[in-house]
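One structure is given below, encoded as structure tokens.
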Number of protein chains: 2
Amino acid sequence: MKTLKYSRQRESIKTCLMNRTDHPTADALYLSIREEFPNISLGTVYRNLNLLVELGEIISFTCGDGSVHFDYTTTPHYHFVCKTCGHIHDLPVSMVRETNEFLTEPVPGRIDSHSVFFYGECADCVDKKMTH
Amino acid sequence: MKTLKYSRQRESIKTCLMNRTDHPTADALYLSIREEFPNISLGTVYRNLNLLVELGEIISFTCGDGSVHFDYTTTPHYHFVCKTCGHIHDLPVSMVRETNEFLTEPVPGRIDSHSVFFYGECADCVDKKMTH
DNA sequence: ATAATAATGATAATCGTTACTATTATAATA
DNA sequence: TATTATAATAGTAACGATTATCATTATTAT
């Protein structure tokens, strides 16, 4: 079997994803990490992100437009996508807990999980428009 | 400005999508339509699907795995994805109506819409396993 | 230190989708 | 009905995101 070996690049990918709140794509993460590792390969970023998803250390999702985003938070939560600034906000876990049974009840089969995305304009962007 | 012209291919794409319940991808639809139009181009399928989305006659969505699916039903509804057979089931509109206000309340901003996907195993696939 | 092998950077290949172009189909007009 | 204008097509090339390949480098065990 295959044992995992430490790599500075993988560690950097993890900490970088942990410190960001915007749920970056592989390419966005790649651009960030290049500041620390100027010649890291885009393939390395993809390979490690997929590995971390397999290990359950991170999760990936698409938010309607088809682009794949990565998230360091693995506990169940929802997302709110701002159509103006594109930022993807986390939503409180309590919402998931409250809606879980209610939502899963009328479905024709066995439910393992569900995901919810909200689309709109975040408070920051709404405020900016008010002041103009 | 540009006026729309009739095309048998576009009509076929519409009726084909209308008669299917599995929310096909562009490629799956392409394979279906080739039975009627053996030399229709994949580009034609993509072009018309995108046009129909623009016109609001159909909608498109991704269900987590990144693949883009098309749906002839444009009224708000949820989807249930079976991890075994891959079929994407429609869920009753009443669910949306019931959960709408409840879900949108605690979000930090203005909500335009939301989407919900359920993942699990549909009744058919559960039954099949029971009989083995 | 040496050996074994996992991980890397660089690049080629793949896949889904879009753009391009000469030709065909549709619709308006004479 | 014939003519003209142009939207739509089939076929193919191009594109962007992702994955695979491979020689070299880094990590770990002996």
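What's counted below: heavy atoms across the whole structure, side chains too, no hydrogens, waters or symmetry copies. Chain letters run A, B, ... following the sequence lines, proteins first and then strands; every chain starts at 1.
Proximity of A/Arg8 to the phosphate of C/dT8: no side-chain N or O atom is located under 4.0 Å from OP1 or OP2. Between B/Gln9 and D/dA10 there is a side-chain N or O to OP1 or OP2 distance below 4.0 Å. Contact between the side-chain N/O atoms of B/Thr44 and the OP1/OP2 oxygens of D/dA10 is found at a separation under 4.0 Å. Neither OP1 nor OP2 of D/dT9 sits under 4.0 Å from any side-chain N or O of B/Ser41. For C/dA7, neither phosphate oxygen OP1 nor OP2 lies less than 4.0 angstrom from any side-chain nitrogen or oxygen of A/Asn48.
Contact check for A/Leu91 versus A/His79: no side-chain heavy atoms found under the 4.5 Å cut-off.
In this structure, B/Tyr30 atom OH and C/dT17 atom P are separated by 14 Å, rounded to whole Å. Computed from coordinates, the A/Glu11 CD to D/dT27 P distance equals 12 Å when rounded to whole Å.
Side-chain contact check for B/Thr25 and B/Asp27: no donor-acceptor pair (N or O, by modelled atom type) lies under 3.5 Å. Judged purely by distance below 3.5 Å, without hydrogens or angles, the side chains of B/Ser12 and B/Glu36 pair a donor atom with an acceptor atom. There is no side-chain donor-acceptor pair under 3.5 Å between B/Asp22 and B/His69.
No contact: B/Asp27 has no heavy atom under 4.0 Å from any strand. Within 4.0 Å of B/Leu42, counting heavy atoms only, lies at least one base atom of the nucleic acid.
If you check distances only, the side chain of B/Lys5 does reach the base of D/dT6 with a donor-acceptor pair under 3.5 Å.
Nearest-nucleotide assignment on DNA chain D puts the 5′-proximal partner with B/Thr3, out of B/Thr3 and A/Arg47. Residue whose closest nucleotide on DNA chain D sits further toward the 5' end, between A/Tyr6 and A/Ala26: A/Ala26.
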